[in-house]
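Written out below as structure tokens is the structure these notes cover.
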Amino acid sequence: EAQVTQNPRYLITVTGKKLTVTCSQNMNHEYMSWYRQDPGLGLRQIYYSMNVEVTDKGDVPEGYKVSRKEKRNFPLILESPSPNQTSLYFCASSLSGDRLYGQYFGPGTRLTVT
Amino acid sequence: AQKVTQAQTEISVVEKEDVTLDCVYETRDTTYYLFWYKQPPSGELVFLIRRNSFDEQNEISGRYSWNFQKSTSSFNFTITASQVVDSAVYFCALKRNTDKLIFGTGTRLQVFP
């Protein structure tokens, strides 16, 4: 089954404690992206990757890091989480250049930073 | 500037009413794609429809229909005979000639029995 998986689905952590949210897709997609969703703001892109070893900032990259060492994985790293990073996070993937389709989204990770 | 505006923050209707969710977009591109996603209370994003800029034909899928009008840069979504299960947040999104999706802020639809 074609899918994007994220782990963990829920996470409560404290300020400053490094964390990683994993994202994996099994569709051989080149393009992967992270979004955060906040009330009244919709989904905003954090980082994206056009292919292995190619990453770039989205609209709200501050406080986040990503890596793309393998095509299927695109982890999101918060080196020193802060309460303003409490949000719902979505990973997404798509075939690069495939304009016809939207992106496949993971189930979301709800992060709370206290 | 590329932008998607969903002016309706929240809409409440009673079951069986028809409801239209508005979406207005801005782009200078001649080729672009428009999408609607549904986010039920469980939180996942469910793809509903895509439409490219060259196809202004309206589409109907069961109780759902979409009205794409390039002249007014709108891509509105109508649910006919709404049901409680339609209660969700609905997002409109724009994809230009890149891979990036630009989302609107969403419209929360509540359908009461």
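Counting heavy atoms from C-beta on, the side chains of B:Q39 and A:F90 come closer than 4.5 Å. Side-chain atoms of B:L45 and A:Y35, non-hydrogen and from C-beta on, never get closer than 4.5 Å to each other.
Around atom NZ of B:K70, more than 12 heavy atoms belonging to other residues, nucleotides or ligands sit under 6.0 Å away. The number of heavy atoms from other shown groups lying within 6.0 Å of CD1 (A:I12) does not exceed 12. A 6.0 Å sphere centred on CZ of A:R110 holds no more than 12 heavy atoms belonging to other residues, nucleotides or ligands.
The CD1 atom of B:I102 lies 12.5 Å from the CG atom of A:L43; values are rounded to the nearest 0.5 Å. In this structure, CG on B:L101 lies 13.0 Å from OH on A:Y48, to the nearest 0.5 angstrom.
Placement of A:F105 and A:Y64 in two distinct hydrophobic clusters is found when ILVMFWY residues are connected by side-chain heavy-atom separations under 4.5 Å, directly or transitively. Two different hydrophobic clusters hold A:Y31 and A:F74 under the rule that ILVMFWY side chains link at heavy-atom gaps under 4.5 Å.
With a 4.5 Å cut-off on non-hydrogen atoms, A:L88 touches chain B through its side chain but not through its backbone.
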